[in-house]
Undergrad: 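The structure follows.
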Amino acid sequence: MNDEEQEIEYKWWLEQKSDTSVKWQTLSHKGVVFPPPYVPHNIPLVYSGQKLLLEPPAEEIASYFAQMLDTDYMKNPVFIKNFFREFQIILRECSSRHTIEEFSKCDFTLMYEHFQRIKEQKKAMTKEEKDKLKKEKEAIKASYGVAFLDGRKEKVGNYTIEPPGLFRGRGEHPKTGCYKRRVQPEDVTINIGKDAQIPEPPAGHHWKNVIHDSTVSWLAMWKDNVNDNFKYVFLAPGSSLKGQSDMKKYEMARNLKGCVDSIRKTYTADLRNKDMAIRQRATALYLIDKLALRAGNEKSDDEADTVGCCSLRYEHVSTEEPNILVFDFLGKDSVRYFNAVPVDDQVFKNIKIFKRPPKTHNDDLFDRLNTTVLNKHLQSLMPGLTAKVFRTFNASITFQDELRKHTPKDGTLQEKLSAYDKANRRVAELCNHQKGVGKSHESQMEKMQDKVLSLKYLRRRYIEQLRQVEPKMKRKKAELFEADPELTDDWILKYEIAITKKDRERIVNKFDKENAERKQNKEKALLKSDLKERLGEVIAKEKLLEKGKIPSVKDFPPMKRNATADKLLEYIAKTDDRIKTAKLQMEDKDENKTMALNTSRLNYLDPRITIAWCKTFNVPVAKRFSATQREKFRWAMDVDPDWEF
DNA sequence: AGCACCACTTAGGAGGCAAAAT
DNA sequence: ATTTTGCCTCCTAAGTGGTGCT
């Protein structure tokens with residue numbers, strides 16, 4: 001941000017704005033960027049062993065498929081089926097008599113390899129080439145990435161039209177693999193101020209429509225051909241418009257804080273209501289409040305089968321006496337929600353009632369309830385209250401409580417930050433925010449386990465030395481001499497072989513280097529016998545290891561020469577600590593691998609909690625909010641250290 | 001009540017880039 | 001110096017929830 005912009009920064013959050021239905025008085029922008037047109041590469045498809053050159057439109061869709069050859073989508077028969085059907089449609093559009101009838105006879109690898117080469121070329125670009133590309137991108141951003149709202153400069157979020165490709169539906173989406181066709185200017189509606197200059201559509205084209213609707217915030221809109229969904233171009237998350245609604249969302253959640261006690265009382269009473277519709281409503285609300293479940297709108301058959309609270313079915317909740325509910329269902333994005341929780345006795349009874357025969361598999365658990373009914377009721381308890389407010393409220397309040405409980409006042413920065421992460425993780429857990437486990441996770445965990453074992457081994461060797469220094473210890477400190485089942489002889493052998501190999505390499509390398517230096521300085525070279533001498537200990541160890549004999553700790557030189565028993569006990573205690581931290585790190589990593597902290601930080605945690613916390617505990621905000629997050633949360637930056645959610 | 005339609009927030013993954021590890 | 005890792009940004013799918021009509 002330059003000085004000029006800083007001077008005129010509009011602090012909208014200092015103003016009282018009541019009417020949010022009108023979003024702007026004037027609005028101007030440059031419209032949208034279209035992805036570059038398709039450029040044919042003339043790489044053939046191999047069909048039944050025959051090279052087949054495709055017409056450009058067919059080549060294009062085939063290329064989108066070829067580029068996904070190394071993804072898991074290839075294992076999804078629905079994806080393949082949908083793609084192939086649409087591929088054939090395009091083929092037919094190109095020529096009435098194409099010969100491609102069977103997917104199994106198609107070989108896309110030539111195209112795949114072509115795109116791999118392109119990827120590599122892109123990687124191998126020189127710095128200048130990359131810089132040039134970057135500059136071009138920035139130039140586009142400077143014009144299309146900016147809008148003027150009531151005369152103020154604002155960033156636009158997604159000003160590029162989504163490029164064509166194969167629809168990547170998540171989970172078991174029935175339409176995954178369908179062809180997402182190229183969006184034409186004729187598909188796009190522009191929303192812009194009456195007096196603003198209408199953006200020029202690409203040459204030879206026209207917009208579908210140009211409107212001047214100040215009650216909506218979008219700048220452009222089109223409909224996606226696969227799911228018939230609306231796609232919008234909005235302002236960026238850091239814009240005033242988005243900021244205002246973000247702040248409004250958290251203010252609504254804080255409002256709920258004020259009346260949640262009475263709402264809880266009400267629904268707790270309603271759990272026993274004779275009217276089953278009310279009883280279902282109360283039970284669902286209990287779950288939404290306690291477990292932060294999503295509302296659960298109805299979905300159609302051409303979407304993935306996922307559910308939220310109101311759409312839970314018979315098979316998604318099971319009961320375990322005396323009061324445990326076991327949830328197992330796919331939620332948003334087909335993320336599994338699996339949780340066994342003890343619940344209020346009446347809730348437990350109710351669920352059993354709602355599951356009574358003739359209700360069975362596939363039937364709605366809450367057959368008398370949907371999100372509209374629920375939200376109507378919530379509206380009557382508090383203006384503006386809907387099911388999703390509970391998620392925001394519970395996430396933020398949990399976060400604030402956890403932070404207060406666990407931040408060490410006099411801790412180090414690192415300790416404070418990990419207290420923050422811990423609180424953040426609690427929320428991610430509550431909201432079931434997960435992420436996929438990366439390919440390398442297992443090997444990373446193995447590495448860490450190796451580190452733990454090597455520390456344990458070190459500990460064992462200290463103990464052995466201790467025994468040698470003071471044999472009495474074996475009786476006096478018997479607990480030290482207990483065998484650790486994790487530290488197996490097999491592992492020790494492998495470990496010793498590995499470090500001995502490394503030791504040898506290190507010594508040989510150093511030797512070679514020294515000799516090279518000597519050569520340059522015209523000095524006498526070191527002899528083979530010198531090397532042998534240096535390798536003395538290594539060679540002795542190698543001999544032992546070669547025999548396949550599992551070495552005894554006694555066979556190695558002491559860890560700390562001339563150490564006293566007291567000193568050794570100290571080392572052992574220190575190693576114990578290191579083992580503990582390494583294990584903790586491991587557990588931390590394992591948990592963090594599946595837990596997405598950012599989703600809650602971005603969407604559920606009132607940023608003012610974080611900012612106030614940072615101010616109170618003297619933590620730089622940048623430690624937990626990235627640059628874009630700081631921009632998004634600018635409205636929260638001025639908050640007092642003692643601000644409370 | 002049930003729908004079609006619309007506008008907006010929330011979500012995980014891909015990919016790029018810089019820092020850390022080797 | 002190169003590879004690995006981890007974080008950030010971008011992308012767009014997948015939710016929520018409102019309105020207006022029948």
Undergrad: Flag the pair A:K299 and A:D305 as a salt bridge only when some basic side-chain nitrogen lies within less than 4.0 angstrom of an acidic carboxylate oxygen.
TA: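 Salt bridge flag = no for A:D305 with A:K299.
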Undergrad: Test: side chain to side chain donor-acceptor pair (under 3.5 Å). Region: residues 132-147 of chain A. Which pairs qualify, not counting sequence neighbours?
TA: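 Qualifying pairs, neighbours excluded: none.
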Undergrad: What's the CG-P distance between A:L293 and C:dG15, to the nearest Å?
TA: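 That distance rounds to 14 Å.
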Undergrad: Taking only nitrogen or oxygen atoms into account, show me every contact under 3.5 Å that the protein makes with nucleotides 11-13 of chain B, one pair per line with its distance.
TA:
from: B:dA11; atom 1: OP1; to: A:R294; atom 2: NE; distance (Å): 3.4
from: B:dA11; atom 1: OP1; to: A:R294; atom 2: NH2; distance (Å): 2.9
from: B:dA11; atom 1: OP1; to: A:R391; atom 2: NH2; distance (Å): 2.6
from: B:dA11; atom 1: OP1; to: A:Y604; atom 2: OH; distance (Å): 2.8
from: B:dA11; atom 1: OP2; to: A:H433; atom 2: NE2; distance (Å): 3.1
from: B:dA11; atom 1: OP2; to: A:Y604; atom 2: OH; distance (Å): 3.1
from: B:dA11; atom 1: O4'; to: A:K332; atom 2: NZ; distance (Å): 3.3
from: B:dG12; atom 1: OP1; to: A:Q434; atom 2: N; distance (Å): 3.1
from: B:dG12; atom 1: OP1; to: A:Q434; atom 2: O; distance (Å): 3.4
from: B:dG12; atom 1: OP2; to: A:T599; atom 2: OG1; distance (Å): 2.9
from: B:dG12; atom 1: O5'; to: A:Q434; atom 2: O; distance (Å): 3.3
from: B:dG13; atom 1: OP2; to: A:G436; atom 2: N; distance (Å): 2.8

Undergrad: Considering every strand and a 4.0 Å limit on heavy-atom distances, what is the contact class for A:A304: base, sugar-phosphate, or nothing?
TA: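 Since no nucleic acid heavy atom lies under 4.0 Å of A:A304, the category is nothing.
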Undergrad: Could you list the donor-acceptor pairs under 3.5 angstrom formed by side chains in residues 165-175 of chain A, with sequence neighbours left out?
TA:
from: A:R170; atom 1: NH1; to: A:D333; atom 2: OD1; distance (Å): 2.6
from: A:H173; atom 1: NE2; to: A:D302; atom 2: O; distance (Å): 3.3
from: A:K175; atom 1: NZ; to: A:V226; atom 2: O; distance (Å): 2.9

Undergrad: For A:D606 and A:Q400, which I'm curious about, is there any donor-acceptor pair between the side chains at under 3.5 Å?
TA: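 Checked: A:D606/A:Q400 side chains show no N/O donor-acceptor pair below 3.5 Å.
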Undergrad: Once you apply a heavy-atom cut-off of 4.0 Å, does A:K376 come out as touching a base, just sugar-phosphate, or nothing?
TA: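 Here A:K376 touches no strand at all.
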Undergrad: In whole angstrom, give the distance that lies between atom CG of A:D70 and atom P of B:dA14.
TA: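 So the CG-P distance, A:D70 to B:dA14, works out to 11 Å.
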Undergrad: Could you list the residues that satisfy side chain to side chain contact (heavy atoms under 4.5 Å, CB included) with A:L602, not counting sequence neighbours?
TA: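 Checked A:L602 against side chain to side chain contact (heavy atoms under 4.5 Å, CB included); matches are A:Q629, A:K632.
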Undergrad: Which is true for A:G308 with a 4.0 Å heavy-atom rule: it touches a base, it touches only sugar-phosphate, or it touches nothing?
TA: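 Nothing, no nucleic acid heavy atom in range.
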Undergrad: Nearest whole angstrom, please: distance from the P of B:dT9 to the CZ of A:R601.
TA: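 Those two atoms, CZ and P, are 21 Å apart.
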Undergrad: For residues 235-243 of chain A, please give each side-chain donor-acceptor pair under 3.5 Å, one per line with the distance, not counting sequence neighbours.
TA:
from: A:S239; atom 1: OG; to: A:A236; atom 2: O; distance (Å): 2.7
from: A:S239; atom 1: OG; to: A:K242; atom 2: N; distance (Å): 3.4
from: A:S240; atom 1: OG; to: A:E154; atom 2: OE2; distance (Å): 2.5

Undergrad: Inspect the contact between A:D213 and A:K23 and indicate whether a charged nitrogen and a carboxylate oxygen are less than 4.0 angstrom apart.
TA: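 The answer is no: the pair does not qualify as a salt bridge.
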Undergrad: Could you pick out which residue, A:I161 or A:G296, lies toward the 5' side of DNA chain C when each is mapped onto its nearest nucleotide?
TA: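 Counting from the 5' end, the first nearest nucleotide belongs to A:I161.
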Undergrad: Could you tell me whether the phosphate oxygens of B:dT10, OP1 or OP2, come under 4.0 Å of any side-chain nitrogen or oxygen in A:K249?
TA: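 Answer is yes, contact under 4.0 Å.
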Undergrad: Give A:G157 one of three labels, base, sugar-phosphate or nothing, depending on what nucleic acid heavy atoms sit under 4.0 Å from its own.
TA: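 A:G157: no heavy atom of the nucleic acid under 4.0 Å.
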Undergrad: Rounding to an integer number of Å, can you tell me how far A:F390 CZ sits from B:dT10 P?
TA: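 My rounded result for the distance is 16 Å.
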Undergrad: Tell me what A:Q379 touches on the nucleic acid: a base, only sugar-phosphate, or nothing, going by heavy atoms under 4.0 Å.
TA: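 Sugar-phosphate contact only - A:Q379 comes under 4.0 Å of backbone atoms but never of a base.
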Undergrad: Which of the following nucleotides, C:dT9, B:dG16, B:dC8, is nearest to the side chain of A:K122?
TA: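 The closest nucleotide is B:dG16.
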Undergrad: The criterion is ring pair (Phe, Tyr, Trp, His ring centres under 6.0 Å); which residues satisfy it with A:H377, sequence neighbours excluded?
TA: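 Here no residue qualifies.
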Undergrad: Do any pairs count as a salt bridge (charged side-chain N to carboxylate O under 4.0 Å, His left out) and have a residue in residues 244-255 of chain A, sequence neighbours left out, and if so which ones?
TA: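 Output for this query lists A:D246-A:K249, A:E251-A:R254, A:E251-A:R608.
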Undergrad: What is the distance from NZ of A:K141 to C1' of C:dC11, rounded to the nearest Å?
TA: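 In whole Å, C:dC11 C1' and A:K141 NZ are 13 Å from each other.
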Undergrad: Assign the ring pair A:F327 / A:Y337 to parallel, tilted or perpendicular, where the plane angle (0 to 90°) is split at 30° and 60°.
TA: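 Rings of A:F327 and A:Y337: perpendicular, as their planes differ by over 60°.
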Undergrad: Any chance the side chains of A:N394 and A:Y604 put a donor and an acceptor closer than 3.5 Å?
TA: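 No - no donor-acceptor pair under 3.5 Å links their side chains.
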Undergrad: Between A:K119 and A:V216, name the one whose nearest nucleotide on DNA chain B is closer to the 5' end.
TA: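 Comparing both residues, the 5'-ward one is A:V216.
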Undergrad: Using the closest heavy atom to pick a nucleotide of DNA chain B for each, name whichever of A:Y73 or A:W218 lands nearer the 5' end.
TA: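 Taking each residue's closest nucleotide, the earlier one in sequence belongs to A:W218.
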Undergrad: In terms of side-chain heavy atoms of A:K223, which of B:dC6, C:dG15, C:dT16 is nearest?
TA: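 Ranking B:dC6, C:dG15, C:dT16 by closest atom to the A:K223 side chain puts B:dC6 first.
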Undergrad: With a 4.0 Å limit, can you tell me whether A:S217 has a side-chain N or O closer than that to the phosphate oxygens OP1/OP2 of B:dC8?
TA: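 It does, given that an N or O in the side chain of A:S217 lies less than 4.0 Å from OP1 or OP2 of B:dC8.
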Undergrad: Do the side-chain N or O atoms of A:T628 get closer than 4.0 angstrom to the phosphate oxygens (OP1, OP2) of C:dT9?
TA: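 Yes.
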Undergrad: Would you say A:S245 places a side-chain N or O within less than 4.0 Å of OP1 or OP2 belonging to B:dT9?
TA: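 Checking A:S245 against B:dT9: at least one side-chain N or O falls below 4.0 Å of OP1 or OP2.
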Undergrad: Please give me every residue in residues 224-237 of chain A whose heavy atoms get under 4.0 Å of an atom in DNA chain C, ordered by residue number.
TA: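 The stretch gives A:K231 as the residues lying under 4.0 Å from the strand, ordered by number.
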Undergrad: Is there a residue in residues 363-375 of chain A whose heavy atoms reach under 4.0 Å of DNA chain C, and which residues are they?
TA: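 Correct list: A:N375.
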Undergrad: Under the side chain to side chain contact (heavy atoms under 4.5 Å, CB included) test, which residues partner A:A282, sequence neighbours left out?
TA: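 Checked A:A282 against side chain to side chain contact (heavy atoms under 4.5 Å, CB included); matches are A:Y267, A:D270, A:L271.
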Undergrad: Run the side chain to side chain contact (heavy atoms under 4.5 Å, CB included) test against A:I80 and tell me which residues pass, sequence neighbours left out.
TA: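 A:I80 satisfies side chain to side chain contact (heavy atoms under 4.5 Å, CB included) with A:F65, A:M74, A:F103 once adjacent residues are dropped.
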Undergrad: Can you tell me how far C1' of C:dA13 sits from NZ of A:K180, to the nearest Å?
TA: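 Atom-to-atom, A:K180 to C:dA13, this comes out as 9 Å.
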Undergrad: Are A:F234 and A:Y159 near enough that their ring centres are under 6.0 Å apart?
TA: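 No, ring centres 6.0 Å or more apart.
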Undergrad: Distances under 3.5 Å between protein N/O atoms and the N/O atoms of nucleotides 4-6 of chain C, please, pair by pair.
TA:
from: C:dT5; atom 1: OP1; to: A:K447; atom 2: NZ; distance (Å): 3.3
from: C:dG6; atom 1: OP1; to: A:K589; atom 2: NZ; distance (Å): 3.2

Undergrad: Taking CH2 from A:W222 and P from B:dC6, how many angstroms apart are they, rounded to a whole number?
TA: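 Value for this atom pair: 16 Å.
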Undergrad: Using a 4.0 Å heavy-atom cut-off, does A:K632 contact any base of the nucleic acid, only the sugar-phosphate backbone, or nothing at all?
TA: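 Touches nothing.
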Undergrad: One pair to check against salt bridge (Lys or Arg N to Asp or Glu O under 4.0 Å): A:K223 and A:D187. What are the steps and the verdict?
TA: CA-CA 7 Å; A:K223 222 166 178 184; A:D187 303 319; over 6 Å; no
Undergrad: Check the pair A:E60, A:Y179 against side chain to side chain contact (heavy atoms under 4.5 Å, CB included), reporting the backbone distance first and the verdict last.
TA: CA-CA 11 Å; A:E60 184 178 2; A:Y179 193 19; 3.7 Å; yes
Undergrad: Identify which nucleotide among C:dG17, C:dG15, C:dT9 has an atom closest to any side-chain atom of A:K388, counting heavy atoms from C-beta outward.
TA: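 Comparing C:dG17, C:dG15, C:dT9 against the side chain of A:K388, the answer is C:dG17.
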Undergrad: Between A:D213 (CG) and B:dA7 (C1'), how many Å, whole number?
TA: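 For the pair A:D213 CG and B:dA7 C1', the rounded distance is 11 Å.
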